[in-house]
Amino acid sequence: MLAGAALMTAGTAVAAESLTVVSWGGSYGRASRLAVLEPFSAETGIEVKVEDYNGGLAQIRAQVETGIVTWDVVDLETPDLVRGCDEALLEEVDREALPPAADGTPAAEDYFPDTMTDCGPATLFYATIVAYNSELYPDGEPRPNSIADFFDLEKFPGRRGMRRLPQVNLEFALMADGVAHDQVYATLDTPAGLERAFHKLDTIKDSILWWETGAQPPQILADQEVAMTTAYNGRIFNAQVVEKQPFVVIWDGQVLDTGGFGIVAKTKKLEAAQKLVLYASRPEVQARIGQYISYSPARRSATALVTTHKETGVEMAPHMPTSEPNLPLSLSNDWEWWSDHGEEVNERFAAWLAR
Amino acid sequence: MNAAASVSAPAAVAKRPKRPRGSRLRAAALALPLVAFIVVTFIAPLGTMLVRSVHAPVVADAMSETVALLGDWDGGSLPAEAVFATAARELLKAREDRVIGQVATRVNRVQAGLRSAVTRTARRLRGLQPESWRAAMIETHAAWGEVDTWRALLLAGERYTGRNYLHALDLKRDAAGDIVAQPSEQRIYMALLARTLAVSLAITLLCLLLGYPVAYFIAHAPPGRANWLLLLVLVPFWTSLLVRTTSWIVLLQSQGVVNDLLVLIGLVNDDERLALIYNLNGTLVAMTHVLLPFMVLPLYSVMRTIPATHMSAAASLGAGFGKAFWRVYWPQTLPGVGAGSLLVFILSIGYYITPALVGGRTGQLISNMIAFHMQQSLNWGLAAALGGILLACVVALYLVYDRLVGVERMKLG
């Protein structure tokens with residue numbers, strides 16, 4: 001502890017105006033750097049160092065509890081933003097300080113519902129979708145086009161990729177089993193419904209290849225290790241448009257999530273960190289992310305500003321999870337349900353995996 | 001430490017007969033840095049983790065008045081308005097003090113589903129002055145209208161709890177407070193502990209089987225060659241664990257060297273390559289390789305002390321090689337066998353990184369679950385309880401060994 005404290009003071013003395021920002025790496029990390037972090041540095045003169053992580057609050061908790069805080073700002077999923085706020089792992093952000101829309105609409109009205117937390121607003125929407133490699137499904141033969149097809153090994157043989165977590169997968173399972181979108185969480189809330197979801201996962205369990213980081217799904221799809229995989233839509237977009245991979249996205253049953261910057265509690269660079277959070281909440285900055293990757297802004301006034309992909313000129317709208325044809329097919333992640341049941345369900349999932 | 005003191009003391013006495021006590025103290029002082037190091041890096045963290053497994057004071061502290069009021073409650077119907085009012089006040093206070101998340105986590109572990117009741121209520125009640133706190137709380141979250149919620153709050157208010165240990169043993173308390181087994185789909189830890197012990201035993205036997213002949217060969221080779229052979233054991237021993245584990249990935253994966261070879265000589269079809277890694281097999285092979293030196297070295301050091309003349313003597317008295325080996329040689333190597341086996345077994349039941357890398361779904365051990373609770377679910381109390389149980393297993397094993405073989409006969413090299 002003592003040594004840590006000494007180290008920390010030494011660290012702050014050397015680098016006064018630099019921030020350590022932790023994000024998800026890969027094509028999203030690149031988009032975030034180009035659209036948000038580098039312009040932020042150019043405007044404020046605050047140097048930004050980027051590190052990668054795979055989500056979760058564990059490292060933040062360890063830093064806050066030991067008092068050796070090396071991360072200043074972390075790009076978090078909204079449920080973690082809320083939980084981290086409740087557990088005092090993150091600094092609160094004043095909602096009143098968020099900039100209004102260009103036409104003067106206050107931020108509180110400009111943000112989509114459920115995108116604001118006490119520890120900062122979400123920056124963007126992203127979706128977990130199913131994607132397949134079209135080389136495996138030649139022209140003239142049937143191609144999968146629904147979430148039910150993902151679970152149909154008879155019609156569409158081959159391995160499946162899924163994230164090694166119950167979150168989103170249980171929702172996919174129920175939707176594939178015919179549960180209406182607005183009934184998914186009500187069904188999961190009952191013991192029989194939870195059983196039903198696991199039972200549906202059982203039907204493809206032996207064919208699943210589990211992935212853990214967002215960069216893996218496009219990789220295993222390109223290597224044809226799986227016929228279909230769940231993935232973050234932006235990573236598949238990057239593979240399609242930038243790497244010219246023959247991937248196809250199935251928007252049916254996409255699960256929508258949001259994410260945004262949180263400030264690590266007890267950071268020595270609170271002021272600079274707050275500046276970054278406010279900067280990222282500007283509509284034009286959120287829209288700029290949409291020029292690099294297909295994640296849509298958390299503010300209404302920013303949505304209209306998204307047009308084409310900066311590097312290839314591709315029209316972004318068809319690739320956005322919240323654009324017209326795609327949004328009605330979506331399910332919004334009920335993070336309150338997961339905050340209530342996540343621990344119990346994760347444990348059951350681990351027991352199920354080990355069997 | 002005792003050993004260090006007792007070894008240095010006689011020497012000091014011989015040198016300076018006039019001041020035995022002072023020099024003994026000084027000799028002991030030499031060990032102080034080590035003592036301090038062990039206390040700070042080993043005993044203190046171990047102690048705090050074990051305390052964490054039974055000590056969970058967050059609700060008892062943050063909602064002390066509510067818990068005290070609930071102590072007098074009949075438990076049959078909803079508590080009185082005064083309890084609601086106190087609970088609301090303490091929830092708001094907990095939110096201000098920013099411990100509401102910890103309170104919610106603790107309550108939610110007693111009864112899943114209550115996290116949102118706690119956090120949402122604390123969020124929404126701010127600034128309200130309702131006529132009836134009971135009505136206001138039930139309106140923010142229906143759970144406050146259930147008797148079970150208040151019972152859960154009372155249970156969460158226990159400062160010391162055996163919950164984590166029950167949980168780690170796949171048990172729980174039912175509504176009446178009796179200890180019952182978890183529902184079958186939720187049981188995981190006992191099966192995992194059994195797998196861990198079985199895998200450790202298998203690895204120990206494999207190491208013994210592979211290591212014994214190697215040690216014998218080295219111990220009885222001419223000195224020049226023995227040094228070279230020993231180096232072959234030591235170089236992997238000195239090589240990074242990660243390097244050795246990942247080289248098994250290169251060898252055993254489906255497009256790896258072993259599968260390529262099998263396909264090449266036609267034993268296996270190209271599209272039916274064997275799954276040699278990312279399963280239990282991967283864990284067994286890689287861990288046996290990693291732990292082999294811990295078996296070979298104690299065996300070697302024991303065997304080296306056994307004079308070759310013993311076997312010749314047995315042969316000259318008419319025993320064949322088999323008989324001479326079993327009656328004369330093998331019994332003399334038992335201290336080495338015991339030391340090596342105990343070492344390998346104890347190391348394997350706590351092994352973490354190798355199964356995490358090559359164990360896939362079926363090759364995970366209990367330590368991987370501890371890591372999961374430390375790093376992902378953040379349930380440190382449960383992780384500590386699992387660690388405590390593992391520690392108890394090791395201590396029990398040590399005692400059994402001491403009873404059967406005698407620890408003083410163990411030779412580590």
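These numbers were taken from a predicted model, which means no experiment stands behind them. Below, read A as the first sequence line, B as the second, and so on, with proteins coming before strands; counting in each chain starts at 1.
Heavy atoms closer than 4.5 Å to chain A are found in the backbone of B:Leu114, but not in its side chain. Residue A:Glu343 touches chain B through its side chain alone, counting heavy-atom pairs closer than 4.5 Å. For A:Gln59, no part sits under 4.5 Å from any heavy atom of chain B, backbone or side chain. Using a 4.5 Å cut-off between heavy atoms, A:Trp337 makes no contact with chain B at all. Proximity to chain A (any heavy atom under 4.5 Å) is restricted, for B:Asn379, to the side chain, taken from C-beta onward. Contacts between B:Tyr189 and chain A at a heavy-atom distance below 4.5 Å involve the side chain alone, from C-beta outward. Residue contact with chain A, scored on non-hydrogen atoms closer than 4.5 Å, is absent for B:Leu280. The part of B:Arg123 that comes within reach of chain A is its side chain, from C-beta onward, which places non-hydrogen atoms under 4.5 angstrom from that chain.
If you tally non-hydrogen atom pairs under 4.5 Å between each of B:Thr362, B:Leu192, B:Ile188 and chain A, the highest count goes to B:Ile188. The candidate with the highest count of non-hydrogen atom pairs below 4.5 Å against chain B, out of A:Gly55, A:Gly84, A:Cys85, is A:Cys85.
Looking only at side-chain heavy atoms (C-beta outward), B:Arg115 and A:Trp338 stay at 4.5 Å or farther from each other. Between B:His373 and A:Glu347, some side-chain heavy-atom pair lies under the 4.5 Å cut-off. Side-chain contact between B:Arg95 and A:Asp118: present, with at least one pair of heavy atoms (C-beta onward) separated by less than 4.5 Å. In this structure, A:Leu353 and B:Gln364 have side chains that are not in contact, with every pair of non-hydrogen atoms separated by 4.5 Å or more. Within the 4.5 Å cutoff, no side-chain heavy atoms of A:Ile208 are placed close to those of B:Arg361.
Within a 6.0 Å sphere centred on NZ of A:Lys205, other residues, nucleotides and ligands contribute more than 12 heavy atoms. Other residues, nucleotides and ligands place more than 12 heavy atoms under 6.0 Å from the CZ atom of A:Arg164.
The minimum heavy-atom distance between B:Gln375 and A:Ala58, with the atom names listed, is O-CB, 2.6 Å. Here the closest heavy-atom approach between residue A:Ala88 and residue B:Arg98 is recorded as CB-O, 3.3 Å. Smallest separation of non-hydrogen atoms from A:Glu336 and B:Ser116: CG-CB, 3.5 Å. What you find for A:Asp340 and B:Asn108 is that their closest heavy atoms are O-ND2, 2.9 Å.
Rounding to the nearest 0.5 angstrom, the gap separating the CH2 atom in B:Trp380 from the CZ atom in A:Arg61 is 6.0 Å. In this structure, CD on B:Gln182 lies 11.5 Å from CZ on A:Arg348, to the nearest 0.5 angstrom. With rounding to the nearest 0.5 Å, the separation of CD in A:Glu87 from OG1 in B:Thr105 is 4.0 Å.
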